[in-house]
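Contents: one structure, followed by commentary.
The chains referred to below are lettered A, B, ... by the order of the sequence lines, with proteins before strands, and numbering in each begins at 1.
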Number of protein chains: 2
Amino acid sequence: MTTSGVVPQARFSAQARLRALQSDIMELILERELEAGDPLPTESELSVALGVGRNTLRESLKVLQALGVIEIRHGFGMFVAPSNFDALADGLTFRGRLSLRHQGLEALQLVDVRQALESGLIGSSMDVMTPEQLASIEEAVKQMEDLAAAGENFVAADAEFHRRLFEPLNNELLINLMGVFWKVYRKIHVEIGPGNEDLMKTAAMHRNIYAAVAAGDKASASELLNRHFDGIRRRIGEAVGD
Amino acid sequence: MTTSGVVPQARFSAQARLRALQSDIMELILERELEAGDPLPTESELSVALGVGRNTLRESLKVLQALGVIEIRHGFGMFVAPSNFDALADGLTFRGRLSLRHQGLEALQLVDVRQALESGLIGSSMDVMTPEQLASIEEAVKQMEDLAAAGENFVAADAEFHRRLFEPLNNELLINLMGVFWKVYRKIHVEIGPGNEDLMKTAAMHRNIYAAVAAGDKASASELLNRHFDGIRRRIGEAVGD
DNA sequence: GGGTTATCGGATGTAGGACGTCCGATGCTC
DNA sequence: GAGCATCGGACGTCCTACATCCGATAACCC
């Protein structure tokens, strides 16, 4: 009807266009050599520069924010983000919970991956571990034991233990990934109920892992970690089987 | 100023509200026990049900689509998605390229994680590998050698080799993650230029890995993989150092 | 009557405008 | 000079209108 049929490009699927728009924004950041923390153009400027409406643009921007590429501050502006894996964690959590309704397959796969990372990298981490870092690990163990003695749950302390275990590697990506796995597992753990796990036993298991690390026994540490994950896997299996 | 100060909830940051909205949508899916492939309510229905405008809702929807939680089909509807890690790959690729401008730190971390996964899981994969799967691996090696002999690059064949190496584990999450890492590395590889790598040498290295796997020598396979990644790491280091 | 094509309805995609909300910065008052 | 009010810019939300796409129904032709 309209006479403006001069649309040049054969329209791809809408999804492809949205992804192209995201790529364009990222390319723009790279081209202008913006660093983490640097400000981006305003939404209005971007919508003009990229030739799309502000609404369409915002949808792409929100995705980039979720991916941890940019940071949006209300009333101030948009900036290149340092790092953020929260969104990924949410997505994986959702999949894990969804899978629990069936066989818990994805949840178990998640544990497998985490196990490979932890038992595979514990040796490297021990190689470059400082005495201070070793002490901070024991501190985390102590905290778990205290909480266990008080009968309280120690999700945070447990996560902290594992984080400190691999802090020496100085690999943010790894820490973030493990954080994601942890977050997912924690959510799933809530879903499958408090369980009848023995807090003291769990704390003792972590004490053993610490002992192996302190002794410099890589093989033993790796093996203990493996057994730790076997327990987790068994618990998920029980939850699914009921 | 206005007398309508009856707003019940103390307004959190806009970002928190958006995340809450995403969670609400995912909760809605879980509550209604929707399975992968099942249709979601329409945008209009959702915007009414969740008490937000269609525009705001769509921003959350697009994020969920990017996270692989839902699938949106233009003119048809929205559905619970099976799985999709493309968005994550894009985000990580961006970070990797961004980091190349500095020390290439994140790119190297990415290689570390992938190395831990591959060398850590090769043993488990060999445990459950069938003769057919082993044969398919050799096939991939052969393809690499043919391409190398022809002087052509073999990015796809290389990726396929690594994929088949861990296919026996039947762990989709792992395959997806490795796919992400591969995609990122490939993009970075393009960025740092074709390099002066020796195709024949690379192909031969993969042949060696295959040989160790075929011989059932786990330690050797793991070690060869480690050396393979050392080469990749060196190449990134060279690209950054120029 | 069976297969093909045209039309229709519904759902998502895009655009633009209007207004609310938040934040930092400027300038004023005390 | 310190504290506070105001201002302007930028993001957040909503609404309306129209474009585009897809599947399904219904009309059509053979």
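- Using bins of under 30°, 30° to 60° and over 60° for the plane-to-plane angle, the ring pair B:His162/B:Phe229 lands in the tilted bin.
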Report, as a single string ordered 5' to 3', how protein heavy atoms within less than 4.0 Å touch nucleotides 8-14 of chain D: B base, S sugar-phosphate only, - not at all. -BBBBBB

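- Ion pairing between B:Glu238 and B:Arg235 fails under the 4.0 Å rule for side-chain N and carboxylate O.
- For A:Leu61 and C:dT14, the CG to C1' distance is 15 Å, given to the nearest whole Å.
- Residues passing the salt bridge (charged side-chain N to carboxylate O under 4.0 Å, His left out) test with A:Asp146, sequence neighbours excluded: A:Lys142.
- By the 6.0 Å contact criterion, NZ on B:Lys187 is open, its count of non-hydrogen atoms from other residues, nucleotides or ligands being 12 or less.
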Hey, mind stepping through A:Gln143 and A:Glu160 against side-chain contact (heavy atoms from CB on, under 4.5 Å) and telling me if it holds? CA-CA 10 Å; A:Gln143 202 170 345; A:Glu160 187 63 18; 5.9 Å; no

